[in-house]
Structure formats: C-alpha cells, structure tokens
Number of protein chains: 2
Amino acid sequence: MANIKEIARIAGVSVTTVSRVLNNHPYVSDIKRAAVLNTIEQLNYSRNMNAVHLITGRTGAIAVILPYINLYYFSIVMDGLAHEALNAQYRLILCQSNYAAEEELKVLEMLRNKEIDGVVIVSTALQPEVIEEYTDYGPVITCQDSGERRFSSVYIEHYEAFWDGLQYLSSKGYRKIGYCEGRQNGSSASIRQSAFRAFLSERNLPFREEWMVYDCMTEEDGAGVALSLLDMQDRPEVLIITGDHVAAGLIIEARKHGLRIPEDLAVMGFDNQPIGRLLDITTIDNHLYDMGAAAFRIIHEQIRTGSRVPVHRKLDYEIIERGTV
Amino acid sequence: MANIKEIARIAGVSVTTVSRVLNNHPYVSDIKRAAVLNTIEQLNYSRNMNAVHLITGRTGAIAVILPYINLYYFSIVMDGLAHEALNAQYRLILCQSNYAAEEELKVLEMLRNKEIDGVVIVSTALQPEVIEEYTDYGPVITCQDSGERRFSSVYIEHYEAFWDGLQYLSSKGYRKIGYCEGRQNGSSASIRQSAFRAFLSERNLPFREEWMVYDCMTEEDGAGVALSLLDMQDRPEVLIITGDHVAAGLIIEARKHGLRIPEDLAVMGFDNQPIGRLLDITTIDNHLYDMGAAAFRIIHEQIRTGSRVPVHRKLDYEIIERGTV
DNA sequence: GCTTGCTATGGAATCCATTTCATATATTAC
DNA sequence: GTAATATATGAAATGGATTCCATAGCAAGC
C-alpha cells in the first residue's frame with residue numbers, strides 16, 4: 001500500500017508538500033498541489049490514521065462508559081452524545097460495562113495509553129477518587145453529581161428533583177407515599193433515598209419499609225410490585241417510581257386487577273419515556289438527551305482547548321403533570 | 001512521558017527486551033524481567049497504543065453503523081454486539097448515522113485508513129455495491145440479507161417470517177389484514193411489503209390501500225393509527241405491525257376508545273419487546289440480541305484468521321402466541 | 001538600496017513500539 | 001565429544017505520517 005513517501009516520489013515533490021496538500025495547508029503552488037492530488041488518485045492512496053494519531057497525539061475518539069445500552073435512560077443519553085459527536089466529527093467508543101469495575105478501569109487506561117482523547121462516564125461502579133487518578137491523562141466527565149472533583153460533570157440535582165416531586169405529591173394531598181428505586185448501584189439512588197427519608201420526616205409523613213421497593217428495574221418488576229400491593233393491608237396512596245417503564249408495568253398490571261389509577265393508587269414516574277406519554281403517566285423529565293449533548297460539548301471543548309479546569313454544569317428537570325397523580 | 005527507550009536505558013536492557021516483557025514473550029531472564037517491570041512501575045510508564053496500532057496494523061476496534069441507538073431494535077442488537085466485544089476484548093465504535101450516507105461512508109473510509117479492523121452494519125442507507133468496494137480493506141458484515149455479496153451477513157428471512165406471521169393470522173380465520181410498516185428506508189421493509197402483497201394475492205385476501213400505514217415508527221404513531229381506524233367504515237380485522245412499541249401505542253389508544261382487542265381488532269407485533277410482554281401482545285421475535293452477538297463473532301473470527309470469505313448466517317425467528325390475536 | 005514580510009519548498013527529526021535478524025550461551029541428544 | 005536445539009539478548013529496520021527549521025525568491029516599504 002502506498003504511503004506519502006511514494007506519493008512524493010511519483011509526484012516529484014517532497015513528503016512535506018504531500019502532507020501540506022493532505023492537510024490543506026497554504027503555501028503549496030497550484031501546480032504541485034494538482035500533481036500530488038493526481039498521484040493520490042492514481043495510486044488509490046489513503047492515509048494511515050494510526051501514524052497520524054501517533055505523531056499528533058490525538059485520536060479524535062472519546063469513550064463512553066455506561067452499564068447497559070438497552071435501557072431507555074442510557075440509550076437517550078447516548079443519543080445526545082452521538083448526535084453531538086457526529087457534528088463535531090468525533091468518534092464514540094462504547095463501553096457497556098455492566099458495572100464491572102475492571103472494564104471501566106480498562107477504559108480509563110485507554111486514556112492513559114492515548115488511545116482516546118477523553119472519557120464520558122454516564123454511570124459507573126468506580127469511586128470518584130479512582131477516576132481522579134486519571135485526570136492527568138485527559139479530560140473526564142461524569143453524568144452524575146460527584147462534588148468538587150478534578151473531573152467535570154453534568155448532572156441534575158437528584159435530591160432537589162426528588163424532593164420537588166414529593167412536594168408535588170404532597171401538595172395533591174397524598175400522605176402515604178411509597179417508593180420504587182431502580183438499581184442500588186448508582187450514587188443517585190442513595191441520594192434519592194436520603195431525600196425521600198428527609199422529606200417524610202420533615203413533613204411528618206409515615207415511612208413504611210413495605211412501601212419501599214429496591215432493584216425495581218424492568219416492566220415486569222413493576223408488574224410484580226402491583227401484585228404485591230394487592231395483598232397489602234395498608235397500601236400507599238401513591239408510588240414514586242424511578243423509570244416510566246417500570247411505572248407502566250405497574251399501572252397495566254394494577255388496572256388488570258381492577259385498581260383505578262390514580263384514585264386507588266397514584267403513580268409518579270421518571271424520565272418522560274414514550275410509554276409514559278402513552279399511558280399519561282405524571283413524570284419527572286430530567287432531560288437525558290440534553291445531558292448527553294452537554295457532556296459531549298463540555299469534554300469536546302476541553303479537548304480542543306487543552307483546558308484541564310473541571311466544569312460542573314447543573315441541568316434542569318421538569319415535573320410533567322399528567323393523569324396518574 | 002516515558003517510552004520504552006527510556007525504560008530500556010534505565011533498566012539496563014535493550015528496547016527489544018522491554019517489548020518482550022510488555023508482550024509476555026518467552027526468552028527473557030527473570031532478572032531482566034524484574035528490572036524492566038520495576039522501571040515501568042517507577043516511571044509510571046504506559047504504552048502508547050497508537051504506536052502499537054501503527055506497527056501491528058491492527059487497532060482492536062470495530063465500528064458499528066446504525067441509524068438510531070435509542071430505538072429498541074437497535075439497542076438490543078448493540079447489546080448483543082457489546083457483550084461479545086467485551087468478552088473478546090474488542091472495542092466498539094458507534095456511528096449513529098441517522099441514515100446519512102456520507103456519515104456511513106466515513107466509517108467505511110476508517111476501515112480504509114486502518115483506524116478500525118472491521119465494520120458491522122446493522123442498518124444502512126448505502127447500496128450493497130458501495131459496501132462491496134470496501135471489502136478489500138477489511139471484513140464487513142451486515143445485519144440484513146443482501147444476497148451473495150463480498151461481505152458477510154447475519155439475517156432473518158424477513159420474507160419468510162412475515163409470510164409465516166400472515167399464515168398464522170390466516171389460520172386464526174382473519175381475512176381482512178392491515179399492515180403498519182416502520183421506516184421505509186431499510187431493505188427489509190420492501191421485502192416485507194412484497195411478502196404481504198404476495199400472500200394476500202395467493203390467498204385471495206382483500207388488499208386495501210387504507211389498511212396500509214407507512215413510516216409508523218413511534219408509540220404515538222401507533223396511537224394515531226388507532227384514531228384513524230375509528231373513523232373507518234370498513235376496518236381490518238387484524239393489523240400486523242413491525243414493532244411492539246408501535247403496537248402498544250395502538251392498543252392502548254384503541255382500548256381508550258372502547259375497541260376490544262382482539263375481538264374488534266387483533267394485533268400482531270414484532271421484536272418481542274418488554275412492553276409487548278406486558279400488554280400480552282402476540283409477536284414475532286427475531287432474536288435481535290443473538291443477531292448482534294452472531295455478527296460480532298463472525299467478524300471477529302474473520303479478523304482473527306484474516307479470512308476474507310464472506311459468511312452468510314440465517315437466524316431463527318419465532319412466533320410468540322399471546323393474547324392480541 | 002536595504003530591510004521586512006510573505007510565499008513556496010524540502011531535509012531531517014520525531015512520535016513509539018514491534019519484529020527480523022544476528023549472535024551467543026546453555027542444554028540435550030546420541 | 002559433537003551436533004542439534006532451546007534459551008537469552010540486542011542492533012537495526014520498520015510502520016507512516018507531521019512539523020520544525022533552513023533556505024530562497026519576490027514584492028512592498030521607506
């Protein structure tokens with residue numbers, strides 16, 4: 001396969017000139033430019049980008065760490081990231097980690113090895129301190145609030161959002177509030193839980209362990225919760241559920257068994273998913289697409305400018321009032 | 001930043017020996033190995049992978065072309081790909097193309113530029129002939145039946161699957177069959193359409209243009225179809241819909257308006273999505289996860305062995321009988 | 001007429017690891 | 001005791017681009 005040396009030889013110029021043509025540098029005469037272009041065409045030449053990456057120290061690629069690509073939450077964030085990456089002519093390397101720390105570490109090692117220019121961590125099993133050890137090698141951004149760290153972040157205030165949601169329910173007159181949480185893994189789960197407890201305690205509302213459901217991640221899990229509620233002596237009046245798809249599972253199953261929503265059981269979801277729109281589920285939209293897009297723009301800017309000053313961007317959330325509360 | 005030359009100098013060995021240690025080659029004495037390892041540790045050395053990629057001509061990365069990552073169909077295929085990639089220690093570069101041909105071409109150019117070792121095309125706007133032009137540069141696999149091409153494929157026989165689905169409906173006594181198709185873009189859409197027409201014609205079943213809906217992609221689109229059916233004088237008895245989420249939108253909206261499923265309107269979906277399980281939608285499962293996994297395994301094998309002989313693997317589908325037919 | 005600045009070009013150094021080849025010693029085989 | 005093989009090591013070539021530096025012609029400014 002041809003290389004620039006050969007192009008140079010055949011076109012009768014130096015490799016420098018070939019490189020200039022390749023990179024649209026000025027200071028190449030029209031005649032030589034044409035000769036180079038012509039030779040490139042003739043030899044069906046294409047650049048070996050690995051050589052370019054080696055000499056420039058950049059790769060034009062950013063890695064994305066997330067646990068499961070087929071969950072709505074993550075696929076939307078990824079959509080936002082991918083859209084911006086396409087605009088910026090950047091490539092995204094997807095690491096679906098299943099929350100395996102050693103896989104996530106491998107990605108951070110790629111940053112160290114200069115295989116990538118930056119890392120976007122959408123959700124992780126790693127401690128912030130571990131991530132900080134890699135900030136010398138390139139920009140890193142997380143999609144959760146990690147406090148004042150040496151890496152950037154975009155996040156919504158889960159505490160505040162959850163609190164606001166509870167306040168909304170409270171304002172509607174509900175006192176007996178239950179709560180279905182998704183994976184316990186992420187940091188946001190525990191933040192929401194503390195918001196939940198603090199709110200109940202401040203408002204003097206009843207806390208019942210049987211109204212709490214953990215690791216409630218799928219539609220089927222939601223349906224299971226509906227079934228368990230049927231047997232319950234003292235049911236919550238409303239459930240706040242982190243994920244509209246889970247809420248949908250619950251609502252559909254509950255209705256099958258004659259429960260009226262919201263009269264017998266009100267439901268508030270999260271994420272503003274299509275299925276939630278369809279079932280008219282009241283929800284908190286935390287603007288996942290925007291989160292992905294913002295994450296990309298921030299890290300891209302940091303790569304471009306070489307700035308290593310961490311940026312922390314707080315994003316809006318939005319309570320969407322619909323028919324299940 | 002340190003390189004192997006410096007490691008070699010400080011450890012008092014040659015760069016060759018350092019490279020051997022790095023790559024676990026035999027024929028390094030324990031003493032020198034320890035010295036090298038020690039120096040690596042001390043200097044906090046890490047390999048510049050771009051140099052490795054340049055000299056070896058491999059990158060350990062495969063690109064994936066798909067139009068939208070946040071559609072169930074694609075996110076499941078991606079899940080299958082990502083799972084296998086993790087096992088094989090390969091990296092996936094995601095190109096969310098929105099069916100923009102020039103973006104898809106850029107990815108194929110990456111293959112030419114040696115930035116990646118192979119390309120998985122889940123769905124594309126490109127003609128097979130265009131893809132074939134790149135098969136000299138590395139293995140390519142598509143997730144659709146493209147006939148006997150110079151690139152590999154994994155696919156389900158959409159014609160056969162669709163025909164089977166129609167036969168199933170027919171066996172249940174339905175004669176008036178409608179059809180909601182997703183994006184017109186993919187090649188599979190037109191295959192299904194010809195299966196549909198051929199089936200109706202063979203069985204002497206009525207074809208009505210108003211029972212056909214095209215570009216029906218979202219839950220809301222499904223709901224829209226339900227509304228339009230309400231006004232219809234002569235309604236189909238059953239709808240076959242390419243996507244359970246669309247079917248779900250239709251079913252939920254139809255029920256709101258008093259239509260009984262399947263008595264007033266039967267529905268058959270596609271993809272065996274969670275929402276379909278929840279709503280008990282009869283569906284055709286075309287094993288998307290397996291498709292992604294198989295695609296990866298095939299292309300990975302081709303990269304490993306250097307074989308350029310295209311592989312064509314046909315996958316199973318499965319009619320899942322539930323309550324909407 | 002001399003300095004300054006712009007355009008145009010190429011030589012050579014650089015990025016960093018892998019791998020071939022050559023060489024040397026140690027061990028095993030018969 | 002000699003031939004054959006296994007182990008151990010390093011020098012140098014290799015992969016393919018970018019970029020710094022040096023050089024030179026030519027126009028403009030005063």
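A, B, ... follow the sequence lines: proteins, then strands. Residue 1 opens every chain. This one's a predicted model, so the numbers in the text were calculated from it and none came from an experiment.
- No more than 12 heavy atoms of other residues, nucleotides or ligands sit less than 6.0 Å from atom CZ of R313(A).
- For H312(A) against G147(A), the heavy-atom pair with the smallest separation is CE1-O, 3.5 Å.
- Nucleotide dT18(D) holds its P atom 15 Å from the NZ atom of K5(A), rounded to whole Å.
- At dT18(D), one or more side-chain N or O atoms of S19(A) fall inside 4.0 Å of OP1 or OP2 (strictly under the cut-off).
- Open room surrounds NE2 on H83(B); 12 or fewer heavy atoms of other groups in view lie less than 6.0 Å from it.
- In terms of heavy-atom proximity, R308(A) sits nearest to G138(A) at NH1-CA, 3.6 Å.
- Taking atom CD1 on I4(A) and atom C1' on dA13(C), their separation rounds to 14 Å, with Å as the unit.
- Annotation for L43(A) and E6(A): closest pair CD1-OE2, 4.2 Å, computed over non-hydrogen atoms.
- Comparing dC20(D), dA17(D), dT20(C) by their nearest atom to the side chain of T16(A) picks out dC20(D).
- In terms of heavy-atom proximity, I303(A) sits nearest to P139(A) at CG1-CG, 3.6 Å.
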*Just by protein heavy atoms under 4.0 Å, how would nucleotides 4-9 of chain D read 5' to 3' in B, S and -?*
--SBBB

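- One can place NE2 of H25(A) at 8 Å from C1' of dT18(D), the figure rounded to the nearest angstrom.
- Between N24(B) atom CG and dT19(C) atom P there is a gap of 13 Å when expressed in whole angstrom units.
- The CD1-P distance, from I31(A) to dG10(C), rounds to 12 Å in whole Å.
- Summarising the geometry, atom CD1 belonging to I65(A) is positioned 12.0 Å from atom NZ belonging to K106(A); distances are rounded to the nearest 0.5 Å.
- Look at CD1 on I55(B): it is 8 Å from P on dG15(D), rounded to the nearest Å.
- Atom CZ of R112(B) and atom P of dG16(D) are 14 Å apart (whole Å).
- Within 6.0 Å of CD in E41(B) there are 12 or fewer heavy atoms belonging to other residues, nucleotides or ligands.
- A heavy atom lying under 4.0 Å from DNA chain C marks the following residues of residues 47-54 of chain B, by number: R47(B), N48(B), A51(B), V52(B).
- Taking atom CG of N23(A) as the reference point, atom P of dT19(D) lies 7 Å away to the nearest angstrom.
- Between S123(B) and E104(B), the closest heavy-atom pair is O-OE2, 4.0 Å.
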